[in-house]
Trainee: 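Dumping the structure here so I can ask a few things about it.
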Amino acid sequence: MIECIFTVDYEIYGNGEGSLRDLVYEPAERLNEIFHKWSAPFVVFTEVAELQMIEATRTDPAIDLVKRQLRDFHRSGVELGLHLHPQWCNARHMAGRWVLDYSEYNLCLLPQRRIIEIVDRAIGYLRDVLAIADFTPLSFRAGNWLFQPTQAVAEVLAQRGIKIDSSVYKGGMRHQYHLDYRGALRNGYYWKFTDKVDVPVGDGVLLELPIYTQMVPFWKLLTGKRFALEQRAHSLAQPHTAKLYRGLDLLRFHHPMKLDFCRMSLDEMRSVMNALLKQDKETPDVYKPVVAIGHSKDLVDFDAIREFLKYLAENGIAIGDFRQVLKRLEHQHA
Ligand SMILES: [Zn+2]
């Protein structure tokens, strides 16, 4: 059985550019309408660090709309996950733009004390926004998918009551950040982990539900849609070192293509699902949660999303959120 989990990272551009209304509030409103029409759930991975800083400095008046939207989402049953880009935690707003602290780019590389501070502050902010004193997100996604080295962050998240991570994308490799998820290609559709996010252990403290990927020859990633969205995101020139590292990443012939419902064309999405349907025919008893990713800032082609939802319905593919996945797995292992 296949179950598709749509997740959307709810955030402005990674360098601090862009407005909350254009890149977060309005696209999320439209996405919600579409999913509502299909009575389908989706998960909002709220990037809390930027919202906190924007609110504290009142640099974007749409922060109040965003907070109201989060409250409305929660009330209407939309699952809110925790997403963190820690470079925002020490950010300063100078001469009309954000200067982010890239020394804190990877939460996993920070001292334990700092990890606890950042995670607690983020959960506290979500509680304030929702006015629910004991709200705890069920799921987590690391900024830039960086969940290595794993142990310290996994422990803190588990202690706080978070149960699921969705940061891994199988086959992923980024030289610049020492990210290497190639080992996860050996894993199944989900697994538990403690010390290493890509290494399954039976009694792990967190459950990994990786972002679904398909390994494809590099040229398959060179599509117009993907390029246009990347151009939108990289309005500032990247430094030479970043380009060099990216070049190293691209030396591989096969690359992981994430199931990205914002960046993929309808044909690409359908072809990924067709391959999954074929697998499912061979092993119908194997539960196959498939996590799709999107970004509020990349939500442009709503027609493709509408058509993809229609395709899923026509093919009898269920759509769930992490709460449903967890229930299903607990039931399976009971
Ligand atoms: Zn993000």
Side-chain angles (χ1 to χ4, degrees), residues 5-20 22-25 27-28 31 42-55 60 63 66 69-70 73 78-91 98 100-102 104-110 115 118-119 121-123 125-126 129 137 139-148 153 157 162 164-169 172 174 176-177 179 181 197 208-213 226 229-230 232-236 238 242 246 256 258-264 291-300 322:
I5 300 101
F6 283 86
T7 62
V8 62
D9 293 5
Y10 186 87
E11 63 189 17
I12 58 173
Y13 292 131
N15 59 10
E17 290 196 347
S19 81
L20 284 173
D22 295 343
L23 300 180
V24 176
Y25 175 76
L31 189 75
F42 64 100
V43 180
V44 172
F45 269 121
T46 316
E47 204 293 285
V48 177
E50 70 194 68
L51 299 183
Q52 266 180 314
M53 288 310 284
I54 291 170
E55 171 154 18
D60 189 329
I63 183 69
V66 162
Q69 186 176 54
L70 289 171
F73 278 170
V78 174
E79 183 183 332
L80 301 182
L82 174 63
H83 183 41
L84 270 178
H85 281 283
Q87 69 265 31
W88 276 94
C89 296
N90 279 331
W98 282 105
L100 307 178
D101 180 3
Y102 290 98
E104 293 199 328
Y105 194 67
N106 183 353
L107 187 65
C108 299
L109 292 175
L110 303 181
I115 296 172
I118 289 174
V119 170
R121 221 166 74 178
I123 296 176
Y125 183 77
L126 279 177
V129 169
S139 53
F140 172 79
R141 174 169 293 150
N144 245 34
W145 308 289
L146 296 174
F147 208 152
Q148 284 173 329
V153 173
L157 295 176
I162 289 172
I164 289 175
D165 173 67
S166 186
S167 304
V168 171
Y169 59 109
R174 292 295 301 270
Q176 188 173 6
Y177 307 114
L179 178 151
Y181 290 150
V197 71
E208 179 64 29
L209 282 143
I211 299 155
Y212 192 77
T213 56
R226 215 170 259 113
L229 285 167
E230 261 167 35
R232 248 166 69 102
H234 294 292
S235 47
L236 283 180
Q238 285 184 23
R246 205 65 197 119
K258 297 186 195 82
L259 178 56
D260 186 322
F261 61 92
C262 296
R263 295 194 167 200
M264 275 179 153
V291 176
I293 186 173
H295 286 80
S296 60
K297 59 197 172 194
D298 283 349
L299 279 166
V300 180
F322 291 126

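Numbering starts at 1 and runs along the sequence shown. In each ligand, atom 1 is the first atom listed, and ligand 1 is the first ligand listed.
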Trainee: Y10 and side-chain hydrogen bond (donor to acceptor under 3.5 Å, both in side chains): which partner among E50, K297, H295, Q69?
Mentor: Q69
Trainee: Of the backbone and side-chain N, O or S atoms of D9, does one lie nearer to the Zn ion (ligand 1) than 2.8 Å?
Mentor: no
Trainee: Give a yes or no on whether H85 keeps an N, O or S atom under 2.8 Å from the Zn ion (ligand 1).
Mentor: yes
Trainee: When the ring planes of F45 and F322 are compared, do they come out parallel, tilted or perpendicular, using 30° and 60° as the limits?
Mentor: tilted
Trainee: Ignoring hydrogens and angles, tell me if any N or O in the side chain of E104 forms a donor-acceptor pair with the backbone of C89 under 3.5 Å.
Mentor: no
Trainee: Quick one: the OE1 of E11, the Zn ion (ligand 1), NE2 of H83 angle, rounded to 10°, please.
Mentor: 90°
Trainee: Pick out which of V66, V24, I12 makes a side-chain contact (heavy atoms from CB on, under 4.5 Å) with L51.
Mentor: V66
